[in-house]
Colleague: 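This is the structure, below, for whatever I ask next.
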Amino acid sequence: MKVLGIDIGGSGIKAAIVNTKNGELLSERYRIDTPKPAEPKAIAKVIKEMVNFFNWKGPVGCCFPTIIVDNQCMHHGNLSEKWVGVKVNKLFKKECDGNKFYISNDADLAGYAEVELGAGKGVKGKVFVITLGTGIGSGLFYNGKLIPNVELGRIYHTNGEIIEKFAADSARKRENLSLKEWTKRVDIFLNHVKILHSPKLFIIGGGISKKFNKFKEHLIVDVPVEVAKFGNNAGIIGAAIYAGKKSKK
């Protein structure tokens, strides 16, 4: 089945047509910078541009970078506060003249791709997919089943700040940290999650995953850590798989 997958991030919005059976991208990936400020109307216009670019008439899956319950935004995350309470699927459907949208949390859907077809396929017990980018996303799966909206990036670290301010890839860039210095921060985060949840596997995704081989040696957490099979495309692929399944119900 072919489905358009869209990944809405804090810095960029990416899309491609996906074969939902094997995760293959059937088109080139199209990217547009996330509008500043990242308000509902501005992002909806980008989504319409994406749909028009692919001349897409069918269902659309969307990763969204904050808590989503029944397609409704419950927290603004790194976007505009105006998102809180918005029914995201209805907003996008109206903007795009009728396409059906299926919306869920970005890390949850990146994890969906990895557990269905990638690094977490067949793994029993708890699996965390951790996406490292503007923030820290986290998708939790138990025996292959998604437990939605586990926002580990919002764990408090020090001085009342959430840990993504300390360990997200944006912190590495903002503070001009070396990969080794930054990886030590990620390791602190993963060790804390290990104490809280005793996972069987961590899967690292997000844009920084392409540098995994350069920083993995600095991770000393006593839990297996794998890179996302689909890298920074996991969100697009997971969103498409999710929409494909939901649209059949």
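As the structure is a computational prediction, the values presented were derived from the model and not from experiment.
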Colleague: Identify the heavy atoms of Ala110 and Thr131 that sit nearest to each other, and give their distance.
Modeller: CB-CG2, 4.1 Å

Colleague: Take Val115 and Val123 through the side chain to side chain contact (heavy atoms under 4.5 Å, CB included) test and state the conclusion after the steps.
Modeller: CA-CA 8 Å; Val115 169; Val123 178; over 6 Å; no

Colleague: Does atom NZ of Lys87 have more than 12 heavy-atom neighbours from other groups under 6.0 Å away?
Modeller: yes

Colleague: Find out whether His218 and Lys184 are in side-chain contact, i.e. whether some heavy atom of one side chain is under 4.5 Å from a heavy atom of the other.
Modeller: no

Colleague: Is it true that Arg172 and Asp169 have a side-chain N and a carboxylate O under 4.0 angstrom from each other?
Modeller: yes

Colleague: Applying side chain to side chain contact (heavy atoms under 4.5 Å, CB included) to Phe230 and Leu117, what does each step give before you reach the verdict?
Modeller: CA-CA 9 Å; Phe230 297 112; Leu117 300 170; 3.8 Å; yes

Colleague: Examine Val129 and Leu152 and state if one hydrophobic cluster contains both, with Ile, Leu, Val, Met, Phe, Trp and Tyr joined whenever side-chain heavy atoms are less than 4.5 Å apart.
Modeller: no

Colleague: Looking at Thr66 and His75, would you say the former's side chain and the latter's main chain have a donor-acceptor pair under 3.5 Å?
Modeller: yes

Colleague: Looking at Asn71 and Ile103, would you say the former's side chain and the latter's main chain have a donor-acceptor pair under 3.5 Å?
Modeller: yes

Colleague: Search all heavy atoms of Gly118 against all heavy atoms of Lys229 and return the closest pair with its distance.
Modeller: CA-CD, 3.6 Å

Colleague: Are the side chain of Ser104 and the backbone of Leu109 linked by a donor-acceptor contact shorter than 3.5 Å?
Modeller: no

Colleague: Would you confirm whether Thr20, through its side chain, and Gly244, through its main-chain N or O, come within 3.5 Å as a donor-acceptor pair?
Modeller: no

Colleague: What distance separates Leu132 CG from Ile204 CD1, expressed to the nearest 0.5 Å?
Modeller: 5.5 Å

Colleague: Can Val3 be reached from Tyr30 by stepping across I, L, V, M, F, W or Y side chains whose heavy atoms are under 4.5 Å apart?
Modeller: no

Colleague: Apply the side-chain contact (heavy atoms from CB on, under 4.5 Å) test between Ile8 and each candidate in Val88, Ile47, Asp106, Thr34; give the one that qualifies.
Modeller: Ile47

Colleague: When you look at Trp182 and Ile208, which way does the side chain to side chain contact (heavy atoms under 4.5 Å, CB included) test go after all the steps?
Modeller: CA-CA 11 Å; Trp182 171 77; Ile208 195 67; 3.7 Å; yes

Colleague: Is the side chain of Trp83 donor-acceptor paired with the backbone N or O of Ala38 at a distance under 3.5 Å, no angle test?
Modeller: yes

Colleague: For Thr183, does its backbone N or O pair with a side-chain atom of Asp187 as donor and acceptor, under 3.5 Å?
Modeller: no

Colleague: Between Phe128 and Ile163, is there a shared hydrophobic cluster once you connect ILVMFWY residues whose side-chain heavy atoms come closer than 4.5 Å?
Modeller: yes

Colleague: With a cut-off of 6.0 Å (strictly less than), are more than 12 heavy atoms of other residues, nucleotides or ligands near CG of Asn159?
Modeller: no

Colleague: Has Lys36 got more than 12 heavy atoms of other residues, nucleotides or ligands less than 6.0 Å from its NZ?
Modeller: yes

Colleague: For residues Gly139 and Ala107, report the shortest heavy-atom separation together with the two atoms involved.
Modeller: N-CB, 3.7 Å

Colleague: Is atom NZ of Lys126 surrounded by more than 12 heavy atoms (other residues, nucleotides or ligands) closer than 6.0 Å?
Modeller: yes

Colleague: Between the side chain of Glu116 and the main-chain N/O of Gly238, is any donor-acceptor distance below 3.5 Å?
Modeller: no

Colleague: Quick check: closest heavy atoms across Ala16 and Glu28, and the distance to 0.1 Å?
Modeller: CB-O, 4.1 Å

Colleague: Using modelled atom types only, decide if a donor and an acceptor are shared between the side chain of Asn19 and the backbone of Lys2 within a distance under 3.5 Å.
Modeller: no

Colleague: Does atom CG of Asn22 have more than 12 heavy-atom neighbours from other groups under 6.0 Å away?
Modeller: yes

Colleague: Look at atom CD1 of Ile220 and say whether more than 12 heavy atoms of other residues, nucleotides or ligands are closer to it than 6.0 Å.
Modeller: no

Colleague: Side-chain contact test, heavy atoms from C-beta onward, threshold under 4.5 Å: evaluate it for Asn105 versus Pro148 and give yes or no.
Modeller: no

Colleague: First locate atom OG of Ser27, then atom CH2 of Trp56, and finally report the distance between them rounded to the nearest 0.5 Å.
Modeller: 9.0 Å

Colleague: Under 4.5 Å between side-chain heavy atoms, counting indirect links through other Ile/Leu/Val/Met/Phe/Trp/Tyr residues: same cluster for Phe166 and Phe215 or not?
Modeller: yes

Colleague: Is it true that Val86 and Val60 fall in one hydrophobic cluster, defined by side-chain heavy atoms closer than 4.5 Å?
Modeller: yes

Colleague: Check step by step if side chain to side chain contact (heavy atoms under 4.5 Å, CB included) holds for Lys216 and Val225.
Modeller: CA-CA 8 Å; Lys216 66 179 181 180; Val225 182; over 6 Å; no

Colleague: Can you check whether Gly85's main-chain N or O pairs, donor with acceptor, with Gln72's side chain at less than 3.5 Å?
Modeller: yes

Colleague: Is the side chain of Glu114 donor-acceptor paired with the backbone N or O of Ala119 at a distance under 3.5 Å, no angle test?
Modeller: yes

